[in-house]
Peer 1: 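What follows is a structure written as structure tokens; I'll ask about it next.
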Amino acid sequence: MGTGSFLWNFTKKFITFGVITVTVSDRYVTIVPVRGGSMSPTLNPKTSSSFGKISDDYVLVEKFCLEKYKFSRGDVVVFRGIIQKRNCSPMNHKETHIKRIVALPEEWFGAHRNYDVLKIPEGHCWVQGDNAASSMDSNSFGPIPLGLVRGRVTHVVWPPQRIGAVKKTSPEGFSS
Amino acid sequence: MRLLSNLGQWRSVAKEVVDRTMIAVKFLCFLHVTNNYVCTATHVYGPSMLPTLNLTGDVLIAERVSPRLGKLGPGDLVLVRSPVNPNRIVTKRIVGREGDRVTYYDPRHGDIAQTAVVPKGHVWIQGDNIYVSCDSRHFGPVPYGLIEGKVFFRAWPPDGFGRLGY
């Protein structure tokens, strides 16, 4: 009887804690790891394939911007993937990417790779990685709908020596 | 002495307040999780789904599980975050999945039927009322990640109460 009620209490506490955590991370703030070097040097400045996991940055993502879907140029955002890479699980639409918004809806934007000037469609944005050399971004899949954005990256929270705010402009500075 | 008893009183009041707040917070959190991971109710209106849904407004119940598992196919009614305006959610029917060849006809842009192939990770959505619906014929295939839920039940109006779809 004693163990039963103890287990029941434990389960109850556990579930409550889980539910509250999920709610807070869905609605307010969450912490996600950054994979890959596509945003270096802003995030993951030194990623080498040998010990990539150890030097991964963890970033704070705020979700308040999702209420109105208002973003400004230079925001680093987390968004759901739209492309399915080869050799990946079919659950790929749940995978998230982190990139920087460089053009907002209905702006004219000159793509750096092919020197085309194109108009971003209504409700879409152009995202790019800061490390243009190894980044899978709008240069390969085009503008993405703002509805896919899941939050805005504000701070690096781990590792300790890199704690600090994420700047709104990329280090090289995009001329737009 | 009096101060001490007052303090005790305040402490019990504070404890009561904290307990009540915790109950409210827990309730709201459970509501959020149910609404986001199990099923949600929405009020939809407009002419784009006309023979299926009413013009004046229906209350629909949509489940969140099958979009997450990727179990959506042609013919399902879905809630989609509009690619044109991310603040709006539209109700449409899935016509084609990735890799499918979709032949569509847009009365507003001539009489010729056109064909498109749905790219990977996307779906083709269309309204049932092809004359006034703004859908994939207008903005192209939409990424799978924009699908918010699969509609399976109509709760209002009373004469339409029951399962939707087939």
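Chain identifiers are assigned alphabetically (A, B, ...) following the order of the sequence lines, protein sequences preceding nucleic acid strands; residue numbering begins at 1 within each chain.
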Peer 1: Using non-hydrogen atoms and a 4.5 Å limit, figure out which bit of B/Phe139 sits close to chain A: side chain, backbone, both or neither.
Peer 2: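 B/Phe139 has no heavy atom closer than 4.5 Å to chain A.
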
Peer 1: Tell me whether B/Tyr45 at atom OH has more than 12 heavy atoms from other residues, nucleotides or ligands lying less than 6.0 Å away.
Peer 2: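 Open: at most 12 neighbouring heavy atoms sit under 6.0 Å from OH of B/Tyr45.
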
Peer 1: Heavy-atom pairs under 4.5 Å with chain B: which of A/Ile20, A/Thr23, A/Val149 has the most?
Peer 2: A/Thr23

Peer 1: Using a cut-off of under 4.5 Å on heavy-atom pairs, state which of B/Asn36, B/Val25, B/Val33, B/Val84 scores highest against chain A.
Peer 2: B/Val84

Peer 1: Taking ILVMFWY side chains as joined if any heavy atoms are under 4.5 angstrom apart, and letting links pass through other members, which residues group with B/Val59?
Peer 2: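 Members alongside B/Val59: B/Trp156.
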
Peer 1: Per the ring-ring contact (aromatic ring centres under 6.0 Å, His included) rule, what does the pair list look like for residues 4-33 of chain B, sequence neighbours excluded?
Peer 2: none

Peer 1: Considering only NZ, NE, NH1 and NH2 on the basic side and carboxylate oxygens on the acidic side, decide whether A/Arg162 and A/Asp57 come within less than 4.0 Å.
Peer 2: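 Salt bridge between A/Arg162 and A/Asp57, a charged N being under 4.0 Å from a carboxylate O: yes.
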
Peer 1: Other than B/Ile112, what residues sit in its cluster of Ile, Leu, Val, Met, Phe, Trp and Tyr side chains whose heavy atoms are under 4.5 Å apart, directly or through others?
Peer 2: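 None; B/Ile112 is a cluster of one.
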
Peer 1: Salt bridge between B/Arg93 and B/Asp76, side-chain N to carboxylate O under 4.0 Å?
Peer 2: no

Peer 1: What residues of residues 128-138 of chain B sit under 4.5 Å from chain A when only non-hydrogen atoms are counted?
Peer 2: none

Peer 1: Please say whether more than 12 non-hydrogen atoms of neighbouring residues, nucleotides or ligands are located less than 6.0 Å from CD in A/Glu67.
Peer 2: no

